[in-house]
There are 2 protein chains.
Amino acid sequence: MAVLEDQARFLRCIGEPTRLQILKLLAEGERCVGDLACVLNKEQSLISHHLRALKECNIVKERQEAQKVYYKLTDARLARLIIDCEALMKELLLCKCQEVNYERKGNQGSGEGEICPDS
Amino acid sequence: MAVLEDQARFLRCIGEPTRLQILKLLAEGERCVGDLACVLNKEQSLISHHLRALKECNIVKERQEAQKVYYKLTDARLARLIIDCEALMKELLLCKCQEVNYERKGNQGSGEGEICPDS
DNA sequence: CCCATATATGAATTACAATTCATATAAACA
DNA sequence: TGTTTATATGAATTGTAATTCATATATGGG
């Protein structure tokens with residue numbers, strides 16, 4: 001069951017704030033390392049480290065042009081995955097907030113979702 | 001940009017091998033803590049800790065029945081997300097292997113994906 | 001050839017997360 | 001009420017990952 005480990009590694013690779021920012025930028029188009037560092041206001045070496053991590057998971061690939069190295073996503077579906085995941089996460093968090101408000105109004109919470117009904 | 005942090009936290013929460021296993025089990029239906037610990041051959045306290053982490057991200061919810069506490073996914077789309085993500089990850093890794101084999105045959109690799117063509 | 005620019009790398013540090021262990025809580029039942 | 005079963009919790013430990021810093025590599029231009 002190495003697949004499980006690979007999938008977990010893949011998710012963790014995306015699930016780091018700086019790398020996620022990088023991926024969202026690359027979803028719009030390719031960028032060179034310096035650009036990314038500048039836009040994200042992070043050290044260049046940090047960006048390089050993160051790009052290497054992303055490359056090891058085959059999430060990004062690079063192309064050299066003169067001194068500059070441009071990175072892009074290896075697959076457009078990655079952009080969609082990130083968007084879909086964001087949307088779902090937002091819904092889940094919203095749901096959580098509603099539950100908190102609901103409980104604050106003095107309800108005990110039967111446990112059977114009036115707010116988050118079973119799927 | 002708290003959304004970014006939330007999304008990253010969400011992905012990391014899923015991207016831990018034991019939690020991912022739990023989620024894959026819960027995708028099939030609800031389970032109590034003891035069951036999960038037994039099936040996964042892990043300590044009960046460990047499973048509880050992981051379930052708490054998942055609950056904090058609103059990925060799972062619980063229902064108590066006598067002494068037992070049953071957990072399930074808060075949303076069926078989570079199961080699909082995990083499946084889709086696994087499929088994509090597998091493709092990306094396969095792609096990576098092919099690149100390695102390709103380079104082993106003595107090619108220099110122009111950098112412009114004969115194997116992973118641009119999307 | 002030397003210099004400036006762009007990126008990568010490795011070691012060291014720091015921060016964070018997973019796991020274990022001991023124990024607390026709580027429900028059912030004799 | 002005392003005991004068993006099921007789960008949760010917190011502290012301590014261990015492991016892993018992010019960040020920084022110094023430096024190496026490599027490209028293009030004067």
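Just so it is clear, the model here is predicted, and its values are computed rather than measured. Lettering of chains follows the sequences in order, A, B, ..., and the numbering in each one begins at 1. Only heavy atoms go into these numbers, but all of them, side chains included; no hydrogens, no water, no symmetry mates.
- Among all heavy-atom pairs drawn from Leu11(B) and Cys85(A), the shortest one is CD2-SG, 3.7 Å.
- Computed from coordinates, the Arg12(B) CZ to dA15(C) C1' distance equals 12 Å when rounded to whole Å.
- Taking atom CD on Glu62(B) and atom P on dA26(C), their separation rounds to 14 Å, with Å as the unit.
- Heavy-atom nearest nucleotides on DNA chain D were determined for Ser45(B) and for Arg9(A), and the one closer to the 5' end corresponds to Ser45(B).
- Candidate nucleotides dT7(C), dT27(D), dT20(C) were compared by shortest atom distance to the side chain of Lys68(A), and dT7(C) ranks first.
- Across the protein-nucleic acid pair, Ile14(B) atom CD1 and dA17(C) atom C1' stand 17 Å apart, rounded to whole Å.
- Residues Lys61(A) and Lys72(A) have side chains in contact (heavy-atom distance under 4.5 Å, counting atoms from C-beta outward).
- To the nearest angstrom, P of dA17(D) lies 12 Å from CZ of Arg52(A).
- Residues Phe10(A) and Leu92(B) form a side-chain contact, since some pair of their non-hydrogen atoms from C-beta on lies under 4.5 Å apart.
- Between the CD atom of Gln67(B) and the P atom of dA30(C) there is a distance of 12 Å, given to the nearest Å.
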Give every donor-acceptor pair under 3.5 Å between a side-chain atom in residues 24-40 of chain B and any protein atom, sequence neighbours left out.
from     : atom 1 : to       : atom 2 : distance (Å)
Lys24(B) : NZ     : Gln7(A)  : OE1    : 2.8
Lys24(B) : NZ     : Glu86(B) : OE1    : 2.6
Glu30(B) : OE1    : Arg63(B) : NE     : 3.3
Glu30(B) : OE2    : Arg63(B) : NE     : 3.4
Glu30(B) : OE2    : Arg63(B) : NH2    : 2.3

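- Within residues 16-34 of chain B, the residues approached by DNA chain C to less than 4.0 Å at the level of any non-hydrogen atom are Glu16(B), Thr18(B), Arg19(B), in residue-number order.
- The CD atom of Glu56(B) sits 11 Å away from the P atom of dA17(C) (whole-angstrom rounding).
- When rounded to the nearest whole Å, the span between CD of Glu5(B) and P of dA18(D) equals 13 Å.
- Contact annotation: Tyr71(B) reaches the phosphate of dA8(D) (side-chain N/O to OP1 or OP2, under 4.0 Å).
- When atom types are taken as modelled, the side chain of Gln64(B) and the backbone of Ala66(B) share a donor-acceptor pair closer than 3.5 angstrom.
- For a distance-only test at 3.5 Å, the side chain of Gln44(B) fails to qualify as a donor-acceptor partner of the base of dA6(D).
- In this structure, the side chains of Val3(B) and Met89(A) come closer than 4.5 Å at one or more pairs of heavy atoms.
- We find that CG of Leu40(B) is positioned 15 Å from C1' of dT19(C), with the value rounded to whole Å.
- The salt bridge (charged side-chain N to carboxylate O under 4.0 Å, His left out) analysis of residues 37-56 of chain B, with sequence neighbours excluded, yields the pairs Arg52(B)-Glu56(B), Lys55(B)-Glu62(B).
- At a cut-off of 3.5 angstrom, counting only N and O atoms as typed in the model, there is a donor on one side and an acceptor on the other between the side-chain of His49(A) and the base of dT20(D).
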